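Quick note: residue numbers are just sequence positions, from 1. Keep in mind the model is a prediction, meaning the values are calculated, not measured.
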Amino acid sequence: MFPGMRLARLGAFSPEFPDAEMLHQGLARWNRRRLAVAKPHADWTREVSENARMLRIEGAFVEAFREHIAPLVSDVPSDPDGFIAWFEGLKDSGPGQWDPLFDWLAGDASLEQMKWFLTQEAAGEAGFDDLVAMTQVKLPARPKMELARNYWDEMGRGHMGGMHGPMLDRTVDGLGLKPSIEGTCWQSLCLANTLTAFATTRRYTYHAVGALGAVELTAPTRVGSVAEGLKRLGCSPEQRKYFQLHAALDIEHSKAWNAEALIPLVEADPGCARYIAEGAIMRLICGEQCFETYRAHLWAHAHPVVYAAE
C-alpha cells in the first residue's frame, strides 16, 4: 500500500466527491463555512438542507472509520485502572508514535522543507481551544472542570499574548506561510475533519474526549522536535514559542486529562471506554497517515521509497 493511503477508501463517494482528496476538501470547506461567525440571512432554509446533506456525508466517513478500527479496540478494558493503563500505553505503542519524520525535522530538514511541513500542519489545524469548548457541553461536573482548565490555558489564562491559537498564527505569519485547503494533503484535512466531526456531533462526545486526550498524551515529543528544528534553522524565539510551550505544558495537561476527565467518565459509565478508545485510535491513525504522507513528499529525492507489490 502506498504511504498515507490507509483511509483512502473510507466514506460515501459520489460524482461530487469521487475520492478521498475531494471528499476531505469538501468537508473542510463545509466546516469552514458552518463554523464561521455569521449573521441572519433569508436563505437559511437552504443552508439547513445543505448542512443536513453534509452531515450525512460526514457521518458516513466517521462510521466507516469506526468499523475499520473496530478490531483494535475490541478488548479495551472497561475498568478505570485497566483503561488508563491501556490509554497511557498509546504513548509508546499507538499508531504513528516515534515516527522518524520528527528526528529528521529536528536534525536535518532545510528551512524550505520545515516550512512545507508547517504549512500542512497549519492548514489542517482544527483549533484545539474550540474543540475543547464544543466537547465540554453537558459533560459531568468533574470532566467539565478539567476541560475548562485546559481551555483556560489555551486562552493564555486571560492574557491575549499567551493565547495558543494566535501564538501559532504568529509562527505562520513570521515564516510567511500560506496555508490553504487546496494546497494541503488530504490526510491533513482528514485529521481536522475527524476532530471537528467528533466535537460538533453529540453522539461522538466520548470520541472527542479520547481524541483530544490522545493529542495531549502524544504531542510533547513531536512538538519538541519541531522546536529543535526551528532553533537549528535560526528561527526566532517568537516563531518557536508555540512548540516549546506545548512540549512542556502538554505533559501536565495529559496527566490531568487522564485523572480528571477519563477516569470519572469510565467510572460513571464503563461502556464509554470503548468510544473514548475509538476516538484516541482514530486520532492517532490520522496522525500516522499524515506523517507517512509528509515523509513520502519530503524524502522523495533523498530517501527513495520502494513499494512492495500488493
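- Using a 4.5 Å heavy-atom threshold, the side chains of Leu195 and Phe128 count as separate.
- For the atom pair CE of Met282 and CZ of Phe198, the computed distance is 3.5 Å after rounding to the nearest 0.5 Å.
- The side-chain hydrogen bond (donor to acceptor under 3.5 Å, both in side chains) check on His246 picks up His164, with sequence neighbours excluded.
- The other residues sharing a hydrophobic cluster with Val48 are Trp44, where clustering joins ILVMFWY side chains under 4.5 Å apart.
- Leu72 places a side-chain heavy atom less than 4.5 Å from the side chain of Ile285.
- Shown here are the side-chain hydrogen bond (donor to acceptor under 3.5 Å, both in side chains) partners of Gln25, two or more places apart in sequence or in another chain: Arg29.
- Atom CZ of Phe17 sits about 7.5 Å away from atom CE of Met22, to the nearest 0.5 Å.
- Here Lys255 pairs with Glu252 in a salt bridge; the nearest charged N to carboxylate O distance falls below 4.0 Å.
- Arg283 has its side chain within reach of Leu191: a pair of non-hydrogen atoms, C-beta onward, lies under 4.5 Å apart.
- Between atom OH of residue Tyr206 and atom CG of residue Leu139 there is a gap of 8.0 Å, rounded to the nearest 0.5 Å.
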For the pair Asp43 and Glu47, evaluate side-chain contact (heavy atoms from CB on, under 4.5 Å) and give the outcome as yes or no after the intermediate values.
-> CA-CA 7 Å; Asp43 206 18; Glu47 180 179 75; over 6 Å; no

Step by step, work out the side-chain contact (heavy atoms from CB on, under 4.5 Å) result for Thr200 and Met134.
-> CA-CA 6 Å; Thr200 57; Met134 289 186 283; 3.6 Å; yes

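- Ser188 contributes a side-chain N or O that, together with a main-chain N or O of Gln120, makes up a donor-acceptor pair within less than 3.5 Å.
- In terms of modelled atom types and a separation under 3.5 Å, the side chain of Arg202 and the main chain of Val137 share a donor-acceptor contact.
- Remark: the backbone N or O of Ser254 is not paired with any side-chain donor or acceptor of Glu216 at under 3.5 angstrom.
- For the pair Glu292 and Arg6, the salt-bridge criterion is not met [side-chain N within less than 4.0 Å of a carboxylate O].
- Of the inter-residue distances, the one linking Lys241 atom NZ with Leu230 atom CG reads 15.0 Å to the nearest 0.5 angstrom.
- A chain of hydrophobic side-chain contacts below 4.5 Å, direct or via other Ile, Leu, Val, Met, Phe, Trp or Tyr residues, connects Phe117 to Leu111.
- The hydrophobic clustering, which links ILVMFWY residues whose side-chain heavy atoms are closer than 4.5 Å, places Trp152 and Val132 together.
- Distance check: Thr218 OG1 to Gln97 CD gives 4.5 Å after rounding to the nearest 0.5 Å.
- When the shell of 6.0 Å around CE of Met145 is examined, it contains 12 or fewer heavy atoms from other residues, nucleotides or ligands.
- A donor-acceptor pair is defined here as one N or O able to donate and one able to accept, closer than 3.5 Å; no such pair exists between the side chain of Gln136 and the backbone of Leu147.
- Every residue two or more places apart in sequence or in another chain that forms a ring pair (Phe, Tyr, Trp, His ring centres under 6.0 Å) with Phe291 is listed here: Phe102.
- Counting all heavy atoms, side chain and backbone alike, Ala259 lies closest to Ile263 at O-CB, 3.7 Å.
- With sequence neighbours excluded, the residues that form a ring pair (Phe, Tyr, Trp, His ring centres under 6.0 Å) with Tyr275 are His207.
- Note on Trp98: it does not cluster hydrophobically with Phe87, by side-chain heavy-atom contacts below 4.5 Å among ILVMFWY residues.
- Scanning for side-chain contact (heavy atoms from CB on, under 4.5 Å) contacts around Glu88 gives Ile84, Asn258, with sequence neighbours left out.
- Hydrophobic clustering (ILVMFWY, side-chain heavy atoms < 4.5 Å, transitive): Phe65 and Met5 are in one cluster.
- At least one side-chain heavy atom of His68 sits under 4.5 Å from a side-chain heavy atom of Leu10.
- With Glu154 contributing its side chain and Met163 its backbone, the two residues share no donor-acceptor pair below 3.5 Å.
- The ring pair (Phe, Tyr, Trp, His ring centres under 6.0 Å) test applied to Phe243 returns no partner, not counting sequence neighbours.
- Of the inter-residue distances, the one linking Leu131 atom CG with Thr135 atom OG1 reads 6.0 Å to the nearest 0.5 angstrom.
- Every residue two or more places apart in sequence or in another chain was checked for a side-chain hydrogen bond (donor to acceptor under 3.5 Å, both in side chains) with Arg32, and none qualifies.
- For residues 131-149, every residue pair satisfying the salt bridge (charged side-chain N to carboxylate O under 4.0 Å, His left out) rule, not counting sequence neighbours, is listed here: Arg142-Glu260, Glu146-Arg149.
- Inter-residue side-chain proximity for Pro3 and Trp299 is flagged as unmet; no heavy-atom pair is nearer than 4.5 Å.
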Please tabulate, for side-chain N and O atoms in residues 52-59, each donor-acceptor pair with protein atoms closer than 3.5 Å (sequence neighbours left out).
from: Arg53; atom 1: NE; to: Glu50; atom 2: OE1; distance (Å): 3.1
from: Arg53; atom 1: NH1; to: Glu16; atom 2: OE1; distance (Å): 2.6
from: Arg53; atom 1: NH2; to: Glu16; atom 2: OE2; distance (Å): 3.3
from: Arg53; atom 1: NH2; to: Glu50; atom 2: OE1; distance (Å): 3.4
from: Arg53; atom 1: NH2; to: Glu50; atom 2: OE2; distance (Å): 3.1
from: Glu58; atom 1: OE2; to: Arg34; atom 2: NH2; distance (Å): 3.0

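- Legend: residues meeting side-chain hydrogen bond (donor to acceptor under 3.5 Å, both in side chains) with Trp30, ordered by chain and number and at least two apart, are Asn51.
- Minimum interatomic distance between Ala12 and Ala60 (heavy atoms only, all atoms of both residues): CB-CB, 3.8 Å.
- Contact annotation: the side chain of Phe61 approaches that of His24 to within less than 4.5 Å [non-hydrogen atoms, C-beta and beyond].
- Using a 4.5 Å heavy-atom cutoff, the side chains of Asp130 and Thr196 are not in contact.
- Within the 3.5 Å criterion, the main-chain N or O of Ala109 finds a donor-acceptor partner in the side chain of Arg232.
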Start with the C-alpha distance between Leu90 and Ile281, add both sets of side-chain angles, then the distance that settles side-chain contact (heavy atoms from CB on, under 4.5 Å), and finish with yes or no.
-> CA-CA 8 Å; Leu90 295 174; Ile281 290 290; 3.8 Å; yes

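- Shown here are the ring pair (Phe, Tyr, Trp, His ring centres under 6.0 Å) partners of Trp257, two or more places apart in sequence or in another chain: there are none.
- When each of Leu27, Leu23, Leu7, Asn193 is paired with Trp186, the side chain to side chain contact (heavy atoms under 4.5 Å, CB included) condition holds for Leu7 and for no other.
- At most 12 non-hydrogen atoms from other residues, nucleotides or ligands lie less than 6.0 angstrom from NZ of Lys91.
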From CA spacing to verdict: side-chain contact (heavy atoms from CB on, under 4.5 Å), Val209, Leu262 | CA-CA 8 Å; Val209 172; Leu262 300 190; 3.5 Å; yes

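- Heavy atoms only, all atoms of each residue included: Gly4 and Thr293 are closest at CA-OG1, 3.5 Å.
- Across all their heavy atoms, Thr184 and Ala123 have their closest contact at OG1-CB, 2.8 Å.
- For the residue pair Tyr294/Gln187, the side-chain donor-acceptor check at 3.5 Å is not satisfied.
- Summarising the local packing, CD of Glu67 is surrounded by 12 or fewer heavy atoms from other residues, nucleotides or ligands at distances under 6.0 Å.
- The two residues Pro264 and Ala261 have their closest heavy-atom pair at CD-O, 3.5 Å.
- Side-chain atoms of Glu288 and Asp99, non-hydrogen and from C-beta on, never get closer than 4.5 Å to each other.
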